Amino acid sequence: QKEVEQNSGPLSVPEGAIASLNCTYSDRGSQSFFWYRQYSGKSPELIMSIYSNGDKEDGRFTAQLNKASQYVSLLIRDSQPSDSATYLCAVKGSSASKIIFGSGTRLSIRP
Amino acid sequence: SAVISQKPSRDICQRGTSLTIQCQVDSQVTMMFWYRQQPGQSLTLIATANQGSEATYESGFVIDKFPISRPNLTFSTLTVSNMSPEDSSIYLCSVSKQGGTDTQYFGPGTRLTVL
């Protein structure tokens with residue numbers, strides 16, 4: 001089992017709709033969770049971090065964390081073509097200083 | 001956040017040669033990491049660069065192939081030695097700020113092509 005799992009996509013969503021990206025992780029003691037956005041040919045850019053169960057909102061982005069289910073998600077409201085990118089879920093495990101990245105979900109927003 | 005620069009931004013190298021990539025941060029950081037991202041793939045951690053001591057390498061990566069230096073809290077280098085076409089990849093420097101959260105920020109990357 002991979003430590004951080006994501007559906008590779010591509011996930012196609014119409015412009016203006018809600019895009020939902022999901023991630024599961026294996027280390028039950030994980031404490032820190034991150035979502036990065038990576039445009040083609042660019043380096044990853046941090047979008048959201050979340051540390052506690054529940055929802056965290058920042059503009060059009062909402063991160064959701066459920067530690068009991070070992071599940072973290074990212075919702076993008078009012079999706080725009082500029083949101084088309086690969087989204088990387090990242091988790092800091094309980095015993096290490098490093099962050100483990102998922103394989104990424106490719107999101108495509110169609111006009 | 002942190003402002004991170006990498007040099008070179010891209011290079012084309014011959015098989016058997018070595019390339020040193022530099023990573024410079026605009027402020028002191030606790031942790032510096034080096035990642036590799038092969039075409040169409042996610043990020044693979046090569047090693048953690050430790051200031052004043054040997055780097056900590058991940059499984060599958062060795063010091064002879066990827067020597068790393070970190071002379072201070074704002075600078076690190078990664079050398080890709082005795083290169084082969086399989087080393088063609090994007091190499092990314094990442095940092096966590098001193099006293100901050102676990103959040104990691106990434107440099108712009110170095111795109112390496114080995115012929």
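Each chain gets a letter, A, B and so on, in the order its sequence line appears, and its residues count up from 1. Source: prediction; values computed, not measured.
The structure places CG of L45(B) at 10.0 Å from CD1 of I99(A), a figure rounded to the nearest 0.5 Å.
A distance below 6.0 Å separates the ring centres of F101(A) and F106(B).
The two residues T103(B) and Y51(A) have their closest heavy-atom pair at OG1-OH, 3.6 Å. When all heavy atoms are compared, the tightest approach of S42(B) to S103(A) is CB-CA, 3.5 Å.
Proximity to chain B at a heavy-atom threshold of 4.5 Å picks out Q38(A), G41(A), S43(A), P44(A) from residues 37-45 of chain A, in numerical order. Within residues 61-74 of chain A, no residue has a heavy atom under 4.5 Å from a heavy atom of chain B.
Linking Ile, Leu, Val, Met, Phe, Trp and Tyr whenever their side-chain heavy atoms come within less than 4.5 Å puts F33(A) and V4(A) in one cluster. Both I47(A) and Y25(A) are assigned to one and the same hydrophobic cluster, defined by single-linkage of ILVMFWY side chains at heavy-atom distances under 4.5 Å. Cluster membership for L43(B) and I46(B), using ILVMFWY side-chain heavy atoms within less than 4.5 angstrom, is not shared. Hydrophobic clustering of Ile, Leu, Val, Met, Phe, Trp and Tyr side chains at less than 4.5 Å, counting indirect connections, unites L21(A) with V13(A). Hydrophobic clustering keeps F61(B) apart from I100(A) (ILVMFWY residues linked when any side-chain heavy atoms are closer than 4.5 Å, directly or through intermediates).
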Evaluate the criterion side-chain contact (heavy atoms from CB on, under 4.5 Å) for residue pair Q104(B) and F34(A); output intermediate values, then yes/no. CA-CA 9 Å; Q104(B) 284 184 215; F34(A) 309 91; over 6 Å; no
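The stretch residues 4-79 of chain A participates, sequence neighbours left out, in these disulfide bond (SG atoms under 2.5 Å apart) pairs: C23(A)-C89(A).
Grouped by direct or indirect side-chain proximity (heavy atoms under 4.5 Å, Ile/Leu/Val/Met/Phe/Trp/Tyr only), V3(B) sits alone.
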